[in-house]
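The structure's right below; bear with me while I get my questions together.
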Amino acid sequence: MDDLRKQLFYEKKNGYDLIGTDEHVTAENYCRGYMAYLNASRTEREAVANAIALARACGFTEYRPGMALEPGMKLYFNNRGKALMLAVIGQKSLAEGAVIAGAHVDAPRLDLKQIPMYETDELCYFRTHYYGGIKKYQWVTIPLELHGVVVLKSGETVDVCIGREPGEPRFVITDLLPHLAKDQLKKTMSEGITAEALNLIIGSAPYADEGKDRVKLAVMSVLNDMYGITEEDFLSAELVAVPAFDVCEIGLDRSMIGGYGHDDRVCAYAELRAILDVENPARTCVCILADKEETGSDGVSGMQSSAFDTFMEDLCASQHVELRRCYEKSFCLSADVTAAYDPLYPEVSEKSNDARFNYGMGICKFTGARGKAGTSDASAEVVAYLRRVFDKAGVVWQLAAMGKVDQGGGGTIAKYMANRNIDTIDAGVPVLSMHAPFELVAKLDCYMTYKGVLAVYNDD
Ligand code: MN
Ligand code: MN
């Protein structure tokens with residue numbers, strides 16, 4: 001009976017029971033690289049800049065439309081500093097299709113409003129407008145740092161970063177003390193902290209003179225000394241407040257990584273590392289680091305933008321291939337994180353179908369909500385293809401879903417790729433506390449996601 005069970009039943013296995021010591025060491029080294037990348041990439045702009053630096057160090061050069069393409073060439077295209085596309089030209093023509101992996105490098109955060117600064121009761125604040133899906137109560141009483149750009153009327157860009165380096169000041173949003181929170185505590189968790197109360201405290205010492213707004217004047221003077229900007233310059237700024245936690249190992253066994261922005265920089269780094277490591281692939285490999293996924297993939301740097309089509313069409317044109325012919329033969333891994341099963345909240349999960357920590361790269365056949373609304377739903381043929389490729393390459397992977405059927409749901413860039421007539425499937429790292437200021441992933445899953453993308457890039 002045992003033999004028959006083994007033969008007929010499907011059983012998920014913990015990745016630690018499947019890999020050897022050598023692979024452990026490789027995974028540890030890989031995760032060290034990821035932790036450094038994540039720690040230094042707090043915004044989509046920083047994620048793109050750091051990715052370009054890594055790519056250039058690996059021999060990638062900037063793509064110019066019309067360039068003659070040779071197999072093995074390593075190219076990148078920087079879309080306005082907020083999104084990035086990389087390609088390694090394959091031995092085969094693009095008429096045979098490309099192998100694409102797409103992740104996003106934007107993450108939930110607090111954007112400053114365009115007129116952010118105000119003083120009230122001799123305290124000075126920045127007003128914010130949250131970006132992406134957040135639980136607002138998680139963003140109060142944690143240290144925050146400020147990143148972004150101020151573009152002056154002249155067009156000159158001033159890079160702003162306050163709070164990342166040790167010794168630099170940081171910011172915080174206050175919350176009521178429990179002693180006076182009788183009414184607040186009766187509210188629901190979504191109403192207890194309101195969007196308009198998510199204001200960062202930025203100063204309290206008044207300017208040594210008489211008149212109104214003395215604290216604001218003192219704070220503005222500091223900013224003027226540091227960056228040469230005035231209050232009007234905020235009109236054309238993109239400044240964001242992000243958690244000031246360092247990325248670190250979690251657990252006595254150091255088997256997990258805690259940090260801000262795993263969604264989706266953990267997959268962005270996996271596919272970036274994979275395309276940097278690929279050599280002379282059969283088909284052209286393409287890696288996308290997209291922006292704006294957390295707000296619906298709209299805009300010039302989002303995955304619905306024709307920036308991607310233009311890049312691919314230019315590559316195709318150099319080989320006299322029609323873009324639509326390339327797309328219909330292409331394959332895309334939409335590399336995005338998925339929800340991990342949380343034993344503290346089993347009621348939202350359907351344990352047999354949800355992803356688990358240390359069970360490897362999570363493959364989502366579909367995302368969406370309710371009756372699978374808003375999903376591209378990969379075909380059985382596509383899943384079978386991945387089973388083949390991953391099993392051949394020794395990738396530890398699992399099928400994943402987003403909790404109980406009517407509990408909620410989510411989306412990724414997958415449908416925007418599939419709508420281009422590209423066979424697409426979601427695949428990525430299972431995350432606990434997704435979209436929180438400090439998210440958690442398992443090292444083994446991070447490494448296996450890299451290995452999975454590399455296996456697809458290397459498949460001929
Ligand atoms: Mn995501
Ligand atoms: Mn997300």
Side-chain angles (χ1 to χ4, degrees), residues 34 37-38 41-44 46-48 51 82-84 100-111 130-136 138-139 240 242-243 257-272 287-299 301-305 308 332-340 342 348 354-355 361-369 374-376 378 400-403 407-418 424-442 445-446 449-450 452-453:
Y34 169 55
Y37 177 78
L38 182 64
S41 307
R42 303 271 160 163
T43 63
E44 73 284 358
E46 292 171 0
V48 165
K82 303 183 89 175
L84 182 68
I100 304 161
H104 65 94
V105 286
D106 61 320
R109 63 187 191 227
L110 303 176
D111 289 349
Y130 66 92
Y131 172 99
I134 63 165
K135 291 161 97 176
K136 299 181 194 83
Q138 294 178 331
W139 292 73
V240 308
V242 296
I257 304 171
Y260 161 68
H262 283 312
D263 177 8
D264 184 33
R265 292 163 196 152
V266 68
C267 296
Y269 184 77
E271 53 168 47
L272 175 67
C287 168
I288 307 165
L289 271 56
D291 182 27
K292 296 279 182 281
E293 193 278 338
E294 297 294 359
T295 54
S297 296
D298 297 289
S301 50
M303 212 54 244
Q304 297 196 66
S305 162
F308 174 69
C332 176
L333 272 186
S334 160
D336 206 342
V337 298
T338 186
D342 189 337
V348 303
D354 283 357
M361 186 185 201
I363 305 298
C364 292
K365 185 175 180 296
F366 54 87
T367 58
T375 180
S376 47
M402 277 283 262
Q407 188 65 38
T412 65
I413 63 160
K415 64 176 172 181
Y416 306 114
M417 302 307 288
T424 302
I425 186 164
D426 276 298
V429 177
V431 176
L432 285 172
S433 309
M434 196 196 293
H435 282 208
F438 194 74
E439 303 174 312
L440 191 63
V441 294
D445 303 329
C446 298
T449 298
Y450 154 78
V453 178

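Position 1 is the first residue of the sequence; numbering continues from there. Whatever order the structure lists ligands and atoms in, that order sets their numbers, starting from 1.
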So, does E294 use its side chain to make a donor-acceptor pair with the main chain of R109 at under 3.5 Å? no
Take atom CZ in F438; do more than 12 heavy atoms of anything else shown fall under 6.0 Å from it? yes
Distance-only polar pair, side chains of D336 and T412, donor-acceptor under 3.5 Å: no
Salt-bridge present (E439, R265; N to O < 4.0 Å): no
side-chain contact (heavy atoms from CB on, under 4.5 Å) with S297: of K415, Q304, K292, H104, only one passes, and it is Q304
Just the protein N/O/S atoms under 2.8 Å from the Mn ion (ligand 2), please, no waters. D263 OD2, E294 OE1, E294 OE2, H435 NE2
Does the pair Y34 and H262 meet the rule for a side chain to side chain donor-acceptor pair (under 3.5 Å), with working shown? CA-CA 10 Å; Y34 169 55; H262 283 312; 2.7 Å; yes
